[in-house]
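Notes follow once the structure below has been shown.
Remember, it's 1-based here, ligands and their atoms both numbered in the order they're listed.
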Amino acid sequence: MTTKRFSIGYALLLKKQKSFIQDSLVNLAKERGIDLIKIDTDKPLVDQGPFDCVLHKLYGEEWRQELREYLVYNPSAIVIDFPDAIERLHNRISMLDVVAEIEAAKDDETASFGIPKQVVIYEPEKLKDAKALGEGLKFPVIAKPLVADGSAKSHKMLLIFSSEGFEKLKSPTVVQEFVNHGGVIFKVYVVGKYVKCVKRKSLPDIPDEKLNSLHGSLSFSQVSNMTSDERNDDKYYKMLDLEDAAMPPMNLITNIACGLRKAMKLHLFNFDVIRDTRVGNRYLVIDINYFPGYAKMPGYESVMTDFFWDVLNKIEARSFNCEKELMKLVDNNGGCGEDTGSHNVS
Ligand SMILES: Nc1ncnc2c1ncn2[C@@H]1O[C@H](COP(=O)(O)OP(=O)(O)OP(=O)(O)O)[C@@H](O)[C@H]1O
Ligand SMILES: O=P(O)(O)O[C@H]1[C@H](OP(=O)(O)O)[C@@H](OP(=O)(O)O)[C@@H](O)[C@@H](O)[C@@H]1OP(=O)(O)O
Ligand SMILES: [Mg+2]
Ligand SMILES: [Mg+2]
């Protein structure tokens, strides 16, 4: 008896291919009857395959059209995930708005969650002082580029201690309250129904007493992705032991993950959470990333292969069908319809 083989076409930037498409993943998937095949982005997608599933982290209207066309000619194919759903993660305001959508229903008695106070500034060069920010924001704050499109620029942050720090801001920016969190960030990786929370080093706390002596701003980028060599220069990081940091309550993390997954209609993402040390049992979501660095997750090969298997064997099918329905609605009406199918997935 021959068992059916499946094919997954992947369209990823070279950097992502190098980290994600490792032999260990390709071989494990192959053993489970799943062939991972590179999509040639210089050729039309419709001329390639056929693939049972398309996995991608590419953006832009042209690519969106290619996916649409592919589904017209291959109506039973599955796209993980649909560009319209990914899009909200490219703006740091719409990205975190979704947390409020799931907030009320999911707090439990022992812990709560939310997002830090934040405001968007479209003309930062006109910003003179913190009072203009409103929203009760006070120093220190973090300025983050509004656009989160994966470019190096979109990861460049400024930690601002006083009004002079605003002088460096140029493009539209989200100004977010800096919340002391013990120098530890929790990265929660979501792969379909699978949820994994890991600890990473973050920015050190800034005690109130120290703030009076701090002026201007400090720039930084992707601090939780720094190698240990980069961090070893700093005595703060030498002192900080990740082992000592308590993990957040897993039921809260799973609830947030599940809520985000359904609200965003996405299957592959991670989110960053910090514990507000002023409150202790309050957790703040500060960032959500589409298709993050899964290869850093222990045992990522089997997690990903199990997910692919579920998708291909239609265990995850209803939520994906729902996205196809959405795609038709977008085509016909230029807008999105109601979510009808994803709530069956836990
Ligand atoms: N409100 C905040 N309070 C305290 N620290 C913060 C806050 N927001 C961000 N940070 C710190 O800054 C880092 C970068 O912020 P953020 O995660 O928003 O940026 P990013 O470039 O999108 O990161 P990623 O590489 O995860 O995509 C966080 O990992 C955390 O260490
Ligand atoms: O590889 P990519 O370009 O997708 O980079 C992603 C990076 O994964 P990597 O570790 O594989 O670089 C992620 O790191 P972790 O959260 O998993 O630590 C995170 O920084 C995402 O924001 C990045 O995506 P972007 O926001 O830039 O699109
Ligand atoms: Mg982050
Ligand atoms: Mg991010």
Query - Geometric N/O contact Tyr290 with ligand 2, under 3.5 angstrom - result: no

Query raised in the report: Do ligand 2 and Asp272 have nitrogen or oxygen atoms that lie under 3.5 Å from each other?
Result: no

Report task. Could you pull out, from Ile286, Asp276, Ile288, Ile185, the option with a heavy atom nearest to atom 29 (O) of ligand 1? Result -> Ile185

Query raised in the report: Any N/O of Pro292 closer than 3.5 Å to an N/O of ligand 2?
Result: no

Report task. State the atom name: nearest N, O or S atom of Asp287 to the Mg ion (ligand 3). Result -> OD2

Report task. May I ask you to check whether His90 and Asp149 show a side-chain donor-acceptor distance below 3.5 Å? Result -> no

Requested in this report: Assess the pair Phe308 and Phe6: is the distance between their ring centroids shorter than 6.0 Å?
Outcome: no

Query - Atom indices of ligand 1, in the order listed, that fall short of 4.0 Å to a heavy atom of Asp272 - result: 17 (O), 26 (O)

Query raised in the report: Relative to ligand 1, is Ile274 under 4.0 angstrom through side chain, backbone, both or neither, heavy atoms considered?
Result: side chain

Query raised in the report: Who gets closest to atom 7 (C) of ligand 1 by heavy atom: Ile142, Ile115, Asn289?
Result: Ile142

Requested in this report: Ignoring hydrogens, just give me the one of Lys156, Gln118, Met157 whose non-hydrogen atom is nearest atom 15 (O) of ligand 1.
Outcome: Met157

Query raised in the report: Heavy atoms only: which of Gly293, Ser154, Ser202 is nearest to atom 31 (O) of ligand 1?
Result: Ser202

Report summary line: Tightest non-hydrogen contact, residues Tyr300 and Gln22, listed as OH-CB, 3.4 Å

Query raised in the report: Counting from 1, what ligand 1 atoms have a heavy atom of Pro116 closer than 4.0 Å?
Result: 1 (N)

Query raised in the report: Does Gln176 approach ligand 1 within less than 4.0 angstrom via side chain, backbone, both or neither, non-hydrogen atoms only?
Result: side chain

Query - Selected option - heavy-atom contact closest to atom 11 (C) of ligand 1, from Asp205, Leu203, Val285 - result: Leu203

Report summary line: Checking heavy atoms under 4.0 Å, the part of Lys144 that sits near ligand 1 is side chain

Query raised in the report: Would you say ligand 2 has an N or O under 3.5 Å from any N or O of Tyr189?
Result: yes

Query raised in the report: For ligand 2, is there an N or O atom under 3.5 Å from any N or O atom of Arg200?
Result: yes

